[in-house]
S.K.: 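Have a look at the structure that comes next, please.
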Amino acid sequence: MPGTHILILGGTAEARQLAAELTEPTELTELTEPTEPTEPTGLTGLTGLNKLTGLGGFRVTTSLAGRVSQPRLPAGEVRIGGFGGPEGLARWLREQSVDAVVDATHPFAAAISAGAAYAAAAVGVPLCALRRPGWSAGPGDCWYPAASLADAAAQLPALGRRIFLTTGRLGLAAFADLGQLRFLVRSVEPPEPPLPRHTHILLDRGPFTVDGERELLRTHEIDVLVTKDSGGPATAAKLTAARELEVPVVVVRRPPAPPDVPVAPDVAGVLGVLGVLLSRAAADRCP
């Protein structure tokens with residue numbers, strides 16, 4: 001069993017890519033440059049990580065929350081289900097001798113991220129976060145920022161009557177009282193009630209195409225799109241289609257990462273951060 005045990009809190013495409021890189025390195029691992037925090041180690045990628053730790057490989061465990069009935073499974077070991085709160089996660093980190101944690105959950109999984117920060121600090125295990133960059137409005141976009149789902153719901157009556165809601169299956173209670181509006185709700189799994197009175201549910205999973213999203217908006221006569229600022233290309237096509245059709249978009253801002261947790265925007269960046277963090281941890285263990 002390889003010596004360095006890395007726990008990935010997953011459920012995203014980036015988490016699966018990271019698990020693949022750690023278990024089956026490709027040329028990406030040789031090109032990785034360190035990302036903040038940086039120190040002059042002179043080593044990069046997984047080759048650098050192995051040299052820094054003095055070990056010959058990685059044991060990679062990805063944890064999935066279990067909210068999707070048929071998840072896309074990553075490489076390496078996989079566990080499905082919660083840990084029993086932050087204390088349960090801290091206990092698991094100790095029992096499994098985890099050397100580092102990567103929070104590669106959805107940018108809006110704030111509770112999981114906070115729990116990971118607590119548990120890692122309690123056990124003294126290095127933690128970093130992988131957060132894909134958010135989307136940015138461009139020429140022709142008509143975006144309305146929202147601080148929360150409740151704020152997004154409050155804006156809708158003044159913007160339109162037919163709403164394309166793409167914020168996932170959780171939290172739709174914020175829109176339940178908008179009985180005068182009609183909603184097209186898209187999610188991977190059936191959404192949890194309560195739901196708005198006039199709701200049509202579309203179960204689908206990205207990636208989506210601009211042509212498909214354009215046709216969807218036209219077919220359902222959508223005049224407002226609501227989305228979380230999830231970032232990434234898999235679901236960005238709806239924004240392009242909305243721009244082309246001059247459909248306004250309500251964008252729910254993402255929560256910040258927990259304080260004092262280093263954040264990288266992609267897998268290459270995480271590899272660099274891990275190199276620094278594991279180097280520091282190894283140095284701290286030296287007498």
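Note: hydrogens, waters and symmetry copies are ignored here, and every other heavy atom, side chains too, is used.
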S.K.: So Pro196 and Leu178, do their side chains get closer than 4.5 Å, heavy atoms only?
M.R.: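 Not in contact.
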
S.K.: Quick one: are Thr61 and Ile8 in side-chain contact, heavy atoms under 4.5 Å?
M.R.: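 No - every pair of side-chain heavy atoms lies 4.5 Å or more apart.
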
S.K.: Report the distance from atom CG of Leu64 to atom OG1 of Thr105, rounding to the nearest 0.5 Å.
M.R.: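 Output value for this atom pair is 11.0 Å.
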
S.K.: Could you pull out the closest heavy-atom pair between Ala174 and Ala153, with the gap in Å?
M.R.: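 Taking every non-hydrogen atom into account, O-CB, 3.3 Å.
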
S.K.: So which pairs with a foot in residues 143-163 pass ring-ring contact (aromatic ring centres under 6.0 Å, His included), sequence neighbours left out?
M.R.: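 Sorted pair list comes back empty.
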
S.K.: Are Ile163 and Val250 connected, step by step, through hydrophobic side chains (Ile, Leu, Val, Met, Phe, Trp, Tyr) whose heavy atoms are closer than 4.5 Å?
M.R.: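 Ile163 and Val250: one cluster.
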
S.K.: Under the ring pair (Phe, Tyr, Trp, His ring centres under 6.0 Å) rule, collect the residues that match up with His220, sequence neighbours excluded.
M.R.: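 Result, ring pair (Phe, Tyr, Trp, His ring centres under 6.0 Å) vs His220: His200.
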
S.K.: Does a side-chain N-to-carboxylate-O contact under 4.0 Å join Arg253 and Asp229?
M.R.: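 Looking at Arg253 and Asp229, the cut-off is not met.
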
S.K.: Nearest 0.5 Å, what's the CD-CG distance between Glu189 and Leu170?
M.R.: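 Result: 10.5 Å between the selected atoms.
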
S.K.: Got Cys128 and Leu277 here, is their nearest side-chain heavy-atom distance under 4.5 Å?
M.R.: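 In short, these two side chains touch, coming nearer than 4.5 Å.
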
S.K.: Is there a side-chain contact between Leu225 and Thr166, using heavy atoms and a 4.5 Å cut-off?
M.R.: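 In short, these two side chains touch, coming nearer than 4.5 Å.
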
S.K.: I want to check something: taking the side chain as every heavy atom from C-beta on, are Leu245 and Arg214 in contact at a cut-off of under 4.5 Å?
M.R.: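 They are in side-chain contact.
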
S.K.: Provide the closest heavy-atom pair for Pro126 versus Ala281 in the form atom of the first, atom of the second, distance.
M.R.: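 Scanning both residues, the minimum pair turns out to be CG-CB, 4.1 Å.
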
S.K.: The criterion is ring pair (Phe, Tyr, Trp, His ring centres under 6.0 Å); which residues satisfy it with Phe208, sequence neighbours excluded?
M.R.: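 Counting only residues at least two positions away or on another chain, Phe208 forms no ring pair (Phe, Tyr, Trp, His ring centres under 6.0 Å).
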
S.K.: Would you please test Leu216 and Leu184 for side chain to side chain contact (heavy atoms under 4.5 Å, CB included) and show each step?
M.R.: CA-CA 10 Å; Leu216 189 67; Leu184 172 64; 4.1 Å; yes

S.K.: Please determine whether residues Val249 and Leu165 belong to a single hydrophobic cluster, defined as Ile, Leu, Val, Met, Phe, Trp and Tyr linked transitively by side-chain heavy-atom distances below 4.5 Å.
M.R.: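 No; Leu165 is not reachable from Val249 via cluster members.
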
S.K.: Search all heavy atoms of Leu149 against all heavy atoms of Phe175 and return the closest pair with its distance.
M.R.: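 Scanning both residues completely, I find the closest heavy atoms to be O-CZ, 3.8 Å.
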
S.K.: Closest heavy-atom contact between Pro265 and Pro133?
M.R.: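 In terms of heavy atoms, the two residues are closest at O-CD, 3.6 Å.
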
S.K.: Just grab all the salt bridge (Lys or Arg N to Asp or Glu O under 4.0 Å) pairs involving residues 158-181, residues at least two apart or on different chains.
M.R.: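 Sorted result for residues 158-181: Arg162-Glu221, Arg169-Glu192.
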
S.K.: Please lay out, stage by stage, how Leu18 and Glu14 fare under the test side chain to side chain contact (heavy atoms under 4.5 Å, CB included).
M.R.: CA-CA 6 Å; Leu18 176 62; Glu14 293 84 1; over 6 Å; no

S.K.: Which heavy atom in Ala19 sits nearest to a heavy atom in Thr23, and how many Å separate them?
M.R.: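 Closest heavy-atom pair between Ala19 and Thr23: O-OG1, 2.8 Å.
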
S.K.: Which heavy atom in Gly179 sits nearest to a heavy atom in His198, and how many Å separate them?
M.R.: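 Scanning both residues, the minimum pair turns out to be O-CD2, 3.0 Å.
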
S.K.: For Thr12, does its backbone N or O pair with a side-chain atom of His106 as donor and acceptor, under 3.5 Å?
M.R.: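 Not a single qualifying donor-acceptor pair exists.
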
S.K.: How many angstroms lie between atom CG of Leu9 and atom OG1 of Thr62, to the nearest 0.5 angstrom?
M.R.: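 One finds 9.0 Å between CG of Leu9 and OG1 of Thr62.
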
S.K.: Other residues, nucleotides and ligands only: do more than 12 of their heavy atoms fall within 6.0 Å of CZ on Arg197?
M.R.: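 Result for CZ/Arg197: open.
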
S.K.: Within this structure, what is the CG-SG distance for the pair Leu159 and Cys142, rounded to the nearest 0.5 Å?
M.R.: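 Leu159 atom CG to Cys142 atom SG measures 8.0 Å (nearest 0.5 Å).
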
S.K.: Evaluate side chain to side chain contact (heavy atoms under 4.5 Å, CB included) for Val101 paired with Leu93, printing each intermediate quantity in order.
M.R.: CA-CA 9 Å; Val101 179; Leu93 295 178; 3.8 Å; yes

S.K.: Within the distance-only criterion (no hydrogens, no angle test), does the side chain of Trp135 pair as donor or acceptor with the backbone N or O of Gly232 below 3.5 angstrom?
M.R.: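 Flag set: sc Trp135 to bb Gly232 pair under 3.5 Å.
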
S.K.: How about Pro71 and Leu73: do any of their side-chain heavy atoms sit closer than 4.5 Å?
M.R.: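 They are in side-chain contact.
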
S.K.: Enter the distance from Leu22:CG to Phe58:CZ here, rounded to the nearest 0.5 Å.
M.R.: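 Spacing of CG (Leu22) from CZ (Phe58) equals 6.0 Å.
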
S.K.: Indicate, with yes or no, if Val261 and Val98 share a hydrophobic cluster defined by side-chain heavy-atom contacts under 4.5 Å among Ile, Leu, Val, Met, Phe, Trp and Tyr.
M.R.: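 In one cluster with Val98: Val261, yes.
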
S.K.: Please answer: with hydrophobic residues joined when any side-chain heavy atoms are less than 4.5 Å apart, are Leu239 and Val247 in the same cluster?
M.R.: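 Both belong to a single hydrophobic cluster.
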
S.K.: Is it true that Trp92 and Ile112 fall in one hydrophobic cluster, defined by side-chain heavy atoms closer than 4.5 Å?
M.R.: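 Hydrophobic grouping puts Trp92 with Ile112.
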
S.K.: Evaluate the side-chain proximity of Leu89 to Leu7: yes if any heavy-atom separation is below 4.5 Å, no if none is.
M.R.: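 Yes - at least one pair of side-chain heavy atoms lies under 4.5 Å apart.
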
S.K.: What do the steps show when you test Val270 against Asp266 for side chain to side chain contact (heavy atoms under 4.5 Å, CB included), and what is the final call?
M.R.: CA-CA 6 Å; Val270 165; Asp266 52 30; over 6 Å; no

S.K.: Using a strict cut-off of less than 4.0 Å between a Lys/Arg side-chain nitrogen and an Asp/Glu carboxylate oxygen, indicate whether Glu213 and Arg186 qualify as a salt bridge.
M.R.: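 Yes, this pair counts.
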
S.K.: Among His5, Arg91, Arg59, which residue meets the side chain to side chain donor-acceptor pair (under 3.5 Å) test with Gln96?
M.R.: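 The single option meeting the side chain to side chain donor-acceptor pair (under 3.5 Å) with Gln96 is Arg59.
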
S.K.: Any heavy-atom pair between the side chains of Lys238 and Thr227 that's under 4.5 Å?
M.R.: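 Sidechains of Lys238 and Thr227: in contact.
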
S.K.: Can you establish whether the number of heavy atoms outside Asp204 located under 6.0 Å from its atom CG is more than 12?
M.R.: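 Yes.
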
S.K.: Does any pair with a residue in residues 107-121 pass side chain to side chain donor-acceptor pair (under 3.5 Å), and if so which ones, sequence neighbours excluded?
M.R.: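 For residues 107-121: Asp103-Ser113, Ser113-Arg131.
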
S.K.: Hey, does the side chain of Asp141 reach the backbone of Arg243 with a donor-acceptor pair shorter than 3.5 angstrom?
M.R.: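 Flag not set: sc Asp141 to bb Arg243 has no pair under 3.5 Å.
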
S.K.: Checking Ser63 now: which residues fulfil side chain to side chain donor-acceptor pair (under 3.5 Å) with it, not counting sequence neighbours?
M.R.: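 Once residues adjacent in sequence are excluded, the partners of Ser63 under the side chain to side chain donor-acceptor pair (under 3.5 Å) criterion are Arg79.
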
S.K.: Could you grab the distance from atom OG of Ser187 to atom CG of Leu172, nearest 0.5 Å is fine?
M.R.: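 Separation between the atoms: 7.5 Å.
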
